[in-house]
Amino acid sequence: MIAGQLSTDGYVLLPSAIPEPLLLAVQQRAQSLGAEHWRTAGVGRAEQYQVDQQIRSDKIHWINADNDAEAGFLALMDQLRRGINQRLYMGLFDYESHFSIYQQGDFYQKHIDALQGRSNRILSTVLYLNSHWQDSDAGELLLYAEDGEQLLATVAPRYGTLLIFLSEQFPHQVLAANRERYSIAGWFRVNNNRSGVVDPAR
């Protein structure tokens, strides 16, 4: 289903793709992180990296395998990577991801996750970790067609919802929420470096 819809539409929205024990573990992990673990999110990479809270105002914590819940999530995403490669031959090499926390009023302006022809981010994922989310809580992700004008999907950040889409193709934005909002943003990448080291680093 995932590979088929990606090949035809370029994106897929799954309301319950993550096993409940793992989903609960990563939700609890995100909610347990103290203020010292979060850093203000920026835009751009390497020498182009900058913090601009007129563009985005969330905070992030990079995910790694040192924590059991985070390691379990990374292992599941690696299974997904291998499955997509077997079916679509995308050459996905690795996966990077971070927790995001949006406090009330935080947002992320319209953007794409990869500059066309210049980035190795190929496939984006967003997993939502918010129990009992109501329509009045707002905080939706808006996914646009490649022209940046036609609205394709309005995704409420409800617990367990997973969105996967082609990084270079779909502009998207995050609307301000009326309550605290957690998610995991991630990117499957190809490798542009023959040495086996992922290029560029995050």
Arg29 side chain reached by Glu70 side chain, heavy atoms, under 4.5 Å:
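They are in contact (side-chain heavy atoms under 4.5 Å apart), so the answer is yes.
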
Contacts of type ring-ring contact (aromatic ring centres under 6.0 Å, His included), residue Trp187, not counting sequence neighbours:
His98

Once side-chain hydrogen bond (donor to acceptor under 3.5 Å, both in side chains) is applied, do any residues pair with [X], and if so which ones, sequence neighbours excluded?
X      : answer
Thr161 : none
Arg87  : none
Gln103 : Glu180

Donor-acceptor contact present, side-chain [X] to main-chain [Y], <3.5 Å:
X      : Y      : answer
Asn178 : Ser136 : yes
Asn130 : Trp133 : no
His111 : Gln109 : yes
Ser167 : Ser124 : yes
Lys110 : Gly148 : yes

Do we see a donor-acceptor contact under 3.5 Å between the side chains of Tyr95 and Thr125?
yes

Side-chain donor-acceptor pair present, Asp137, His132, cut-off under 3.5 Å:
no

Verify the neighbour count for atom CG of Asp68: are there more than 12 heavy atoms of other residues, nucleotides or ligands below 6.0 Å?
no

Classify the ring geometry of Phe99 against His61: parallel below 30°, tilted from 30° to 60°, perpendicular beyond 60°.
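Rings of Phe99 and His61: parallel, as their planes differ by under 30°.
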
The criterion is side chain to side chain contact (heavy atoms under 4.5 Å, CB included); which residues satisfy it with Asp9, sequence neighbours excluded?
Gln5, Tyr11

Minimum heavy-atom separation for [X] to [Y], with atom names?
X      : Y      : result
Gly105 : Ala176 : O-CB, 3.7 Å
Asn64  : Leu74  : C-CD1, 3.7 Å
Leu13  : Val155 : CD1-CG1, 3.7 Å
Gly91  : Asn85  : N-OD1, 3.2 Å
Ser7   : Leu88  : CB-CD2, 3.9 Å

Under 3.5 Å, side-chain donor or acceptor atoms of residues 14-28 against the rest of the protein: list the pairs with distances, not counting sequence neighbours.
unit_1: Glu20; atom_1: OE2; unit_2: Tyr159; atom_2: OH; d: 2.9
unit_1: Gln27; atom_1: NE2; unit_2: Leu129; atom_2: O; d: 3.0
unit_1: Gln27; atom_1: NE2; unit_2: Ser131; atom_2: OG; d: 2.9

Looking at Glu96 and Arg121, does any basic side-chain N land under 4.0 Å from a carboxylate oxygen?
yes

